[in-house]
Amino acid sequence: MHPFFTTPIPAMTFTLAAPCEYQETIRKSRFIAKAAPVSSAEEAQAFIESVSDATATHNCWAWKIGNRYRFSDDGEPGGTAGRPMLTAIEGQDCDRVVVVVIRWFGGIQLGTGGLARAYGGSAAKCLQAGERIELVPRIRGRTHCRFAELALLKARLGDFEALLEQETFDSEGAELLLALPEAQYTALHQWLADISRGRSELKRVDEASAS
């Protein structure tokens, strides 16, 4: 028999469609996990500050945005909270999310293994409970569009799965920063040249994105 080879399918990555929450009691300690989609470290920090509870024993957290990540044990033994929560984010194939797990100590020690399971498990169950949307890898392109074609371009962006990330107006029109799937780049490049009679050109920006 001839060996059968298959091409590996890239793993899909997801973010949350909206904030979500999960709670459980483990050996009399109450755990509440809260998660949300974020697109920047500033957004993640703002969410952490908004949901952390000053009456709780610990407010542990982790976030991941692309290749950037941070986590905090907030007083729990090192490696027993933030790191397992980050592992849970990665294990759920999630990106651009922040998770905060709030704990009220119930009087029974869980031990380092128990803590890691509690924090990591709460984070994972919270992400599993939330509505998830697939993150589509995108590339960025920049173009200048005259006022005569600007409205038409904006109306057709959805046809190319393109997102308008930035718009800067001048006396003749606007410079646009777009994020779109790489498979759509050539089609949008050609269409833009056609409607503008060659005046507008989509130029690739060397910065990856996902949304």
Side-chain angles (χ1 to χ4, degrees), residues 8-27 29-106 110-140 161 163 165 179 181-182 207-211:
I9 299 174
M12 290 186 292
T13 306
F14 302 88
T15 190
L16 293 170
C20 57
E21 183 175 315
Y22 170 84
Q23 60 180 304
E24 67 176 317
T25 299
I26 302 173
R27 299 188 70 186
S29 281
R30 182 183 175 207
F31 291 85
I32 296 181
K34 299 186 178 188
V38 290
S39 58
S40 68
E42 292 75 19
E43 279 187 36
Q45 193 58 44
F47 178 80
I48 293 165
E49 293 174 1
S50 70
V51 302
S52 293
D53 193 320
T55 69
T57 316
H58 304 281
N59 291 279
C60 304
W61 52 264
W63 58 258
K64 183 179 186 297
I65 303 170
N67 293 326
R68 295 180 297 156
Y69 61 87
R70 285 190 62 193
F71 54 85
S72 169
D73 295 315
D74 192 37
E76 293 282 27
T80 62
R83 172 61 75 176
M85 291 168 62
L86 178 63
T87 300
I89 292 173
E90 295 172 339
Q92 293 301 312
D93 297 319
C94 286
D95 193 4
R96 296 193 174 195
V97 296
V98 57
V99 184
V100 179
V101 177
I102 307 161
R103 180 195 184 193
W104 285 266
F105 180 54
L110 300 183
T112 55
L115 286 172
R117 287 189 294 274
Y119 280 103
S122 295
K125 291 171 186 174
C126 183
L127 293 170
Q128 290 167 0
E131 181 184 354
R132 307 200 301 177
I133 54 177
E134 184 183 354
L135 281 168
V136 180
R138 297 174 186 268
I139 59 173
R140 286 187 170 91
E161 302 176 60
L163 304 176
E165 294 196 336
E182 187 161 12
E207 185 178 355
S209 177
S211 59

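Throughout, numbering of the chain's residues begins at 1 and tracks the sequence.
- To the nearest 0.5 angstrom, Cys94 atom SG is 11.5 Å from Leu86 atom CG.
- If you run side chain to side chain contact (heavy atoms under 4.5 Å, CB included) between His58 and each of Phe105, Tyr119, Trp104, only Tyr119 comes through.
- Nearest approach of Val99 to Ala35, heavy atoms of both residues: CG2-CB, 3.9 Å.
- Contact detail for Ala81 and Asp73: the closest heavy-atom pair is N-OD1, 3.2 Å.
- Across every non-hydrogen atom of Leu16 and Ala36, the tightest pair is CD1-N, 3.7 Å.
- Side chains of Glu43 and Ser39: a donor on one and an acceptor on the other come within 3.5 Å.
- Inspection of the Asp53 and Thr55 side chains reveals an N or O donor paired with an N or O acceptor under 3.5 Å.
- Residues Val51 and Glu21 fail the side-chain proximity criterion, which asks for heavy atoms closer than 4.5 Å.
- Between Ala179 and Arg138 the shortest heavy-atom distance is O-NH1, 3.5 Å.
- Within the 3.5 Å criterion, the main-chain N or O of Gly106 finds a donor-acceptor partner in the side chain of Ser29.
- Counting heavy atoms from C-beta on, the side chains of Glu24 and Ser122 come closer than 4.5 Å.
- Here the closest non-hydrogen pair linking Leu110 and Ala118 is CD1-CB, 4.3 Å.
- To the nearest 0.5 Å, atom OG1 of residue Thr57 and atom CZ of residue Arg103 are 6.5 Å apart.
- Taking CD from Gln92 and NZ from Lys125, the interatomic distance works out to 11.5 Å, rounded to the nearest 0.5 Å.
- When the options Tyr22, Phe31, Trp61 are evaluated for a side chain to side chain contact (heavy atoms under 4.5 Å, CB included) with Val101, the one that passes is Phe31.
- In this structure, a donor-acceptor pair under 3.5 Å is absent between the side chains of Tyr69 and Glu90.
- Interatomic distance, CG of Asn59 versus CG of Asp74, reported as 5.5 Å (0.5 Å rounding).
- Arg132 contributes atom CZ, which lies 6.5 Å from atom CG of Asp93 (distance to the nearest 0.5 angstrom).
- The two atoms that bring Ala88 and Leu127 nearest to each other are O-CD1, 4.2 Å, heavy atoms only.
- In this structure, Leu135 CG and Ile133 CD1 are separated by 7.0 Å, a value rounded to the nearest 0.5 Å.
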